[in-house]
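The structure under discussion appears below in the form of structure tokens.
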2 protein chains.
Amino acid sequence: MDFYPHDVEQLAQHFRILGEPARLQILAALCDQERSVQDICQRTGLHQANASKHLRMMKDTGVVACRKKGVWHYYRIVAPEVLSLCLRAQKSLKQAETPLVPDNSLMEIIEQQ
Amino acid sequence: MDFYPHDVEQLAQHFRILGEPARLQILAALCDQERSVQDICQRTGLHQANASKHLRMMKDTGVVACRKKGVWHYYRIVAPEVLSLCLRAQKSLKQAETPLVPDNSLMEIIEQQ
DNA sequence: ATAGTATATAACTAATTAGCAATATAGTCA
DNA sequence: TGACTATATTGCTAATTAGTTATATACTAT
């Protein structure tokens with residue numbers, strides 16, 4: 001495994017988006033449909049200004065996009081990979097809770113890709 | 001998609017580890033074998049103290065582990081999921097560069113899992 | 001025009017942390 | 001022991017950012 005400098009920056013930026021509970025909850029709220037900021041706030045418990053800031057960040061990195069209908073701004077996920085990553089990571093963490101992954105299976109993982 | 005509070009914290013913590021170029025480079029250096037801190041520093045260009053701090057963080061969240069042999073500390077990846085996540089994310093980002101993912105394929109992604 | 005609502009932005013504080021230099025710790029070897 | 005090396009830790013600065021409050025912007029309805 002090896003990274004080009006630009007790739008590693010971009011990769012890190014996307015993971016950084018996922019590295020915050022509030023944003024994971026926003027993604028969970030958007031996983032099956034677009035939603036207004038109000039709706040997102042109610043579902044996540046985030047304050048409006050805070051949610052707005054997270055959404056701005058997620059929009060800037062290309063994870064969500066926004067459709068405006070009158071006063072309402074409907075956000076949706078436009079990088080569905082992130083959902084896939086979340087589900088994968090969640091599954092791995094759950095599995096790792098009890099048995100613990102053997103140390104020697106790295107190359108298998110690499111070669112599977 | 002929905003998260004339990006504990007899950008979302010743990011998920012975010014793991015993604016946070018991946019949200020930093022220096023740590024991605026460390027993972028790349030460790031992807032196929034354990035390596036000493038010296039070795040890691042040479043391959044990544046990180047200063048020793050800085051690498052040591054990143055490794056500490058990665059060890060604390062259970063992504064790497066350390067074997068001590070005399071003066072040398074050999075670090076290895078013990079959560080191979082993270083490699084899988086990196087490769088997946090990298091592939092998705094590369095694919096997204098040109099064609100751009102359609103907005104309506106979210107449920108497919110969810111249901112595939 | 002005015003009031004009310006949805007969202008975005010600004011200003012601020014507190015917390016985190018990346019990077020660096022200096023120092024401490026620990027093992028090796030002469 | 002003392003010199004040397006590998007790693008960890010500490011103390012510092014600068015940058016980022018999460019959360020909050022207050023305010024601005026934009027649309028709607030009366």
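Per chain, numbering begins at 1; letters A, B, ... match sequence-line order.
Between the R76(A) side chain and the E34(A) main chain, no donor and acceptor come within less than 3.5 Å of each other. Side-chain N or O atoms of R23(A) include one that pairs as donor or acceptor with a backbone N or O of R16(A) at under 3.5 Å. No donor-acceptor distance shorter than 3.5 angstrom exists from the side chain of R35(B) to the backbone of L30(B), with no hydrogens or angles considered. S52(B) contributes no side-chain N or O that, together with a main-chain N or O of Q48(B), makes up a donor-acceptor pair within less than 3.5 Å.
Separation of atoms CG (L27(A)) and CD (E20(A)) is listed at 11.5 Å; rounding is to 0.5 Å. For the atom pair SG (C66(A)) and NZ (K59(A)), the distance works out to 6.0 Å, reported to the nearest 0.5 Å. Here I40(A) contributes atom CD1 and I26(A) contributes atom CD1; the two are 6.0 Å apart, rounded to the nearest 0.5 Å. The distance from atom NZ of K53(A) to atom CG of N50(A), rounded to the nearest 0.5 Å, is 6.5 Å.
Residue R56(B) places its CZ atom among 12 or fewer non-hydrogen atoms of other residues, nucleotides or ligands, all under 6.0 Å distant.
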Handout entry: Contact pattern, 5' to 3', of nucleotides 25-30 of chain D - B, S or - by protein heavy atom under 4.0 Å
Key = --BS--

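At least one side-chain nitrogen or oxygen of Y75(B) sits closer than 4.0 Å to the OP1 or OP2 atom of dA8(D). Under 4.0 angstrom from either OP1 or OP2 of dA6(D) there lies no side-chain N or O belonging to H73(B).
Of the residues in residues 42-55 of chain A, those placing a heavy atom less than 4.0 Å from an atom of DNA chain D are H47(A), A49(A), N50(A), K53(A), H54(A), in numerical order. Near DNA chain D, meaning a heavy atom under 4.0 Å from it, residues 6-19 of chain B has no residue at all.
Scanning for side chain to side chain contact (heavy atoms under 4.5 Å, CB included) contacts around Q90(A) gives L87(A), K94(A), F3(B), D7(B), L11(B), with sequence neighbours left out. Residues satisfying the side chain to side chain contact (heavy atoms under 4.5 Å, CB included) test with S36(B), not counting sequence neighbours, are Q38(B), D39(B), W72(B), Y74(B).
Pairing each heavy atom of A79(A) with each of G62(A), the nearest pair is CB-O, 3.6 Å. Of all the heavy atoms in R43(B) and A29(B), the pair that sits closest is CD-CB, 4.2 Å.
For DNA chain C, the span of nucleotides reached by chain B at under 4.0 Å from its heavy atoms goes, 5' to 3', from dA18(C) to dT28(C).
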